[in-house]
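Report on the structure given below.
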Amino acid sequence: MTGWTREQMAARAARELKDGYYANLGIGIPTLVANYIPDGIEVTLHSENGMLGLGPFPTEQQIDADIINAGKQTITELPHTSYFSSADSFAMIRGGHIDASILGAMEVSQDGDLSNWMVPGKMVKGPGGAMDLVAGVKRIIVLMDHTDKAGNPKFRRENTLPYTGRNVVDMIITNLAVFERESRTARFRLIECAPGVSAEDIAARTEAAYLA
Amino acid sequence: MTGWTREQMAARAARELKDGYYANLGIGIPTLVANYIPDGIEVTLHSENGMLGLGPFPTEQQIDADIINAGKQTITELPHTSYFSSADSFAMIRGGHIDASILGAMEVSQDGDLSNWMVPGKMVKGPGGAMDLVAGVKRIIVLMDHTDKAGNPKFRRENTLPYTGRNVVDMIITNLAVFERESRTARFRLIECAPGVSAEDIAARTEAAYLA
Amino acid sequence: MVQKIFPDAAAALDGLLFDGMTIVAGGFGLCGIPETLIDGLLAAGTTGITAISNNAGVDDFGLGLLLRNRQIVRMISSYVGENKEFERQYLAGELELEFCPQGTLAERMRAGGAGIAGFYTRTGVGTLLAEGKELKEFDGETYVLETGLTADLAIVKAWRADRFGNLMFRKTARNFNPNAATAGRVTVAEVEEFVDHLKPDHVHTPAIFVQRMILATRNEKRIEQRTITRDAA
Amino acid sequence: MVQKIFPDAAAALDGLLFDGMTIVAGGFGLCGIPETLIDGLLAAGTTGITAISNNAGVDDFGLGLLLRNRQIVRMISSYVGENKEFERQYLAGELELEFCPQGTLAERMRAGGAGIAGFYTRTGVGTLLAEGKELKEFDGETYVLETGLTADLAIVKAWRADRFGNLMFRKTARNFNPNAATAGRVTVAEVEEFVDHLKPDHVHTPAIFVQRMILATRNEKRIEQRTITRDAA
């Protein structure tokens with residue numbers, strides 16, 4: 001049972017982006033989502049460090065140390081790009097002006113709690129902008145492996161790790177399945193399985209309660 | 001006993017401005033202060049509606065409806081002018097970045113309380129930016145007539161009118177005298193009388209207690 | 001591709017208006033006010049409006065036009081002089097008024113747009129405008145709690161815009177416009193001039209805050225205090 | 001006439017530094033950091049510094065240099081990865097660390113600079129970072145009180161400036177710099193290029209926030225993640 005690749009997960013997440021959306025993509029697999037935005041759909045990407053309208057990675061010739069994304073990667077600007085301060089950038093996030101954020105996760109609970117910033121006992125790097133994003137963005141989509149390296153479910157009854165936010169996740173895309181809920185008061189529902197993956201496979205690898 | 005003219009009061013207030021100051025001038029006599037800033041002294045004027053570096057009134061040819069001061073008067077820009085939003089403008093005021101504000105007043109109390117925005121029973125136009133200025137600017141200088149039209153003292157034990165701010169005035173320049181205090185916990189002291197005006201004249205026309 | 005540019009005010013306001021709504025407007029005095037969109041509101045006839053605006057215009061210009069047409073029932077403002085009809089309605093009890101210090105008003109718009117539910121300021125402490133509001137000490141000083149403001153609709157006047165909705169304002173016509181633009185659940189901008197491209201470092205209001213735009217067809221820009229230098233030109 | 005331009009970092013920092021002081025710095029990662037002024041602090045040897053900065057640099061660049069030199073005893077940051085010496089000092093208990101969500105940190109700088117003592121945000125509610133902080137309900141939602149931050153000194157990196165202290169930043173090198181500039185009781189800017197004139201509508205940080213400036217002589221602008229497009233150039 002292989003499920004989706006990282007690229008396929010990113011492509012699946014990209015289908016959630018709608019024409020005219022302003023979206024923020026987290027570090028890792030979420031960054032790949034930019035490569036799969038469908039033609040004819042105009043999605044404007046936001047970066048916490050003060051940029052709206054992110055272009056692709058630069059060529060060697062285009063590299064500019066003053067144009068980076070929140071993952072500190074060199075990127076390029078577009079004709080409609082704008083730059084602004086960090087306070088203004090998070091005003092967009094906290095104020096609910098960003099339509100969707102796609103983020104990685106260590107654990108998500110059946111109530112939509114997200115943990116993705118610290119593991120007790122390990123050196124903690126800090127939350128960065130993750131707590132702000134989950135508190136402010138209209139729709140939070142999580143991209144994560146269905147289980148951890150030891151095979152433990154990451155979609156759980158209750159998270160074991162410290163929270164990034166409580167009741168903040170709207171959709172979960174794993175390498176095996178997609179879960180979604182209609183609102184922050186609704187329960188998650190299994191809406192899609194990867195090719196060759198059955199609902200029973202998912203049930204066996206998921207701790208959270210969800211609607212089938 | 002004539003005391004100082006409006007122009008002389010403005011000139012006296014201008015002597016309080018120091019090289020490098022950022023200052024905000026209120027409507028009325030305070031606006032005249034700009035005409036008396038000594039040569040060799042660089043004072044940058046701030047206007048609440050989002051301008052730093054106010055130039056003089058325009059010629060007929062220079063008039064631009066998009067360049068006005070907080071009194072809604074047409075003005076001009078200077079080579080070092082900057083424009084910004086109202087929120088950013090009051091961040092300067094509230095954040096203590098403006099060195100001095102020169103304002104008109106209806107009443108000032110011996111504790112430095114200022115009343116200059118409403119008279120109960122009369123139509124109230126609103127505080128505008130006055131409450132923000134007195135709460136945020138480092139040094140508040142009041143320019144007012146020593147007595148009202150009925151001859152009642154305007155520098156009082158306690159104000160009779162609603163407050164614009166409590167314990168906010170540092171200096172009072174009237175048409176008859178100048179009062180100053182060293183700090184917001186100190187008492188006002190009479191430091192200057194207009195030509196031909198005696199300390200006794202002041203005492204007879206002042207209700208507030210002050211140090212002679 | 002989402003089209004943000006609409007043919008005129010009626011089209012841009014279509015579907016956004018309802019009686020009893022809250023509208024936040026940019027402008028200071030008569031400078032930088034969305035004249036074309038105010039005409040659009042006048043034509044639409046929406047009533048029961050709560051208007052959040054620093055000023056109330058004059059009798060025959062700016063928000064004064066909506067007041068004269070009895071479309072506004074409540075205002076949140078810092079200064080409402082220069083308007084006889086406003087005064088008449090207010091004294092007759094036909095109009096509700098909430099005074100707010102100017103800087104607090106600007107910050108409340110910014111806070112509302114930035115997801116800040118409330119903030120503590122020294123402005124107004126010890127005055128009538130802090131009565132009934134929560135006070136709190138920080139480092140021995142007393143501050144008053146003021147709340148963020150949002151509105152069903154924001155109307156702003158911009159100078160230049162690209163088709164994506166990035167805006168630049170002109171000189172002191174900027175004033176409350178950028179703050180109002182963030183506080184609207186929907187923001188409509190009237191623009192003096194559409195351009196192909198704005199430099200990314202020059203944008204004042206990023207496109208994310210602007211949902212609809214029109215070309216401003218009314219740019220009277222009336223001057224309240226025509227002050228001229230005494231020096232020969 | 002007050003001269004804001006100083007000959008070098010040592011001159012610009014002269015009289016402003018003392019052991020145990022608080023310094024707020026602009027920059028995100030290694031982008032837009034005041035490299036020249038950090039060298040100046042290194043040379044001055046000031047110790048016991050509380051540094052307010054989104055990141056802590058890397059081992060041999062940015063604030064990492066001050067950490068390596070044991071000049072910083074406390075940091076308020078949102079993310080401190082990419083720095084081995086930081087990790088070593090922190091785990092050894094030699095360094096105090098206050099984590100702050102990135103947007104809350106930016107807003108705390110802005111609030112401190114704007115005379116806002118505290119503000120309510122949803123960010124962090126229900127997490128470790130809200131523990132011990134005051135909570136309050138607005139419209140049925142829970143918010144946490146965060147306080148404004150100021151510092152004895154702000155150090156920022158600007159792109160262009162005029163002699164009056166008006167600043168422009170370049171692209172994403174803007175980041176925390178404008179917010180840090182407002183939060184310093186004294187603000188020193190290092191500038192890549194002095195120009196005669198900035199257009200009044202283009203200024204990012206008005207001169208009132210900037211007390212001293214130097215020409216930036218160190219502009220290495222190290223890149224952390226050199227990502228290149230796969231497409232042929």
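Letters go in sequence order (proteins before strands), and every chain restarts at 1.
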> Could you name the residues of residues 129-150 of chain C that have a heavy atom within less than 4.5 Å of a heavy atom in chain D?
Replying inline: C/E134, C/K136, C/F138, C/Y143, C/L145, C/T147

> Can you name the residues that form a salt bridge (Lys or Arg N to Asp or Glu O under 4.0 Å) with C/K171, not counting sequence neighbours?
Replying inline: B/E77

>> Run the ring pair (Phe, Tyr, Trp, His ring centres under 6.0 Å) test against C/F209 and tell me which residues pass, sequence neighbours left out.
In response: A/H97

> Mind checking what makes side-chain contact (heavy atoms from CB on, under 4.5 Å) contact with D/A173, not counting sequence neighbours?
Replying inline: A/D66, D/C31

> Below 4.5 Å, heavy atoms only, C-beta onward: do C/W159 and D/D201 meet side chain to side chain?
Replying inline: yes

> Is any side-chain heavy atom of C/H204 less than 4.5 Å from a side-chain heavy atom of D/H202?
Replying inline: no

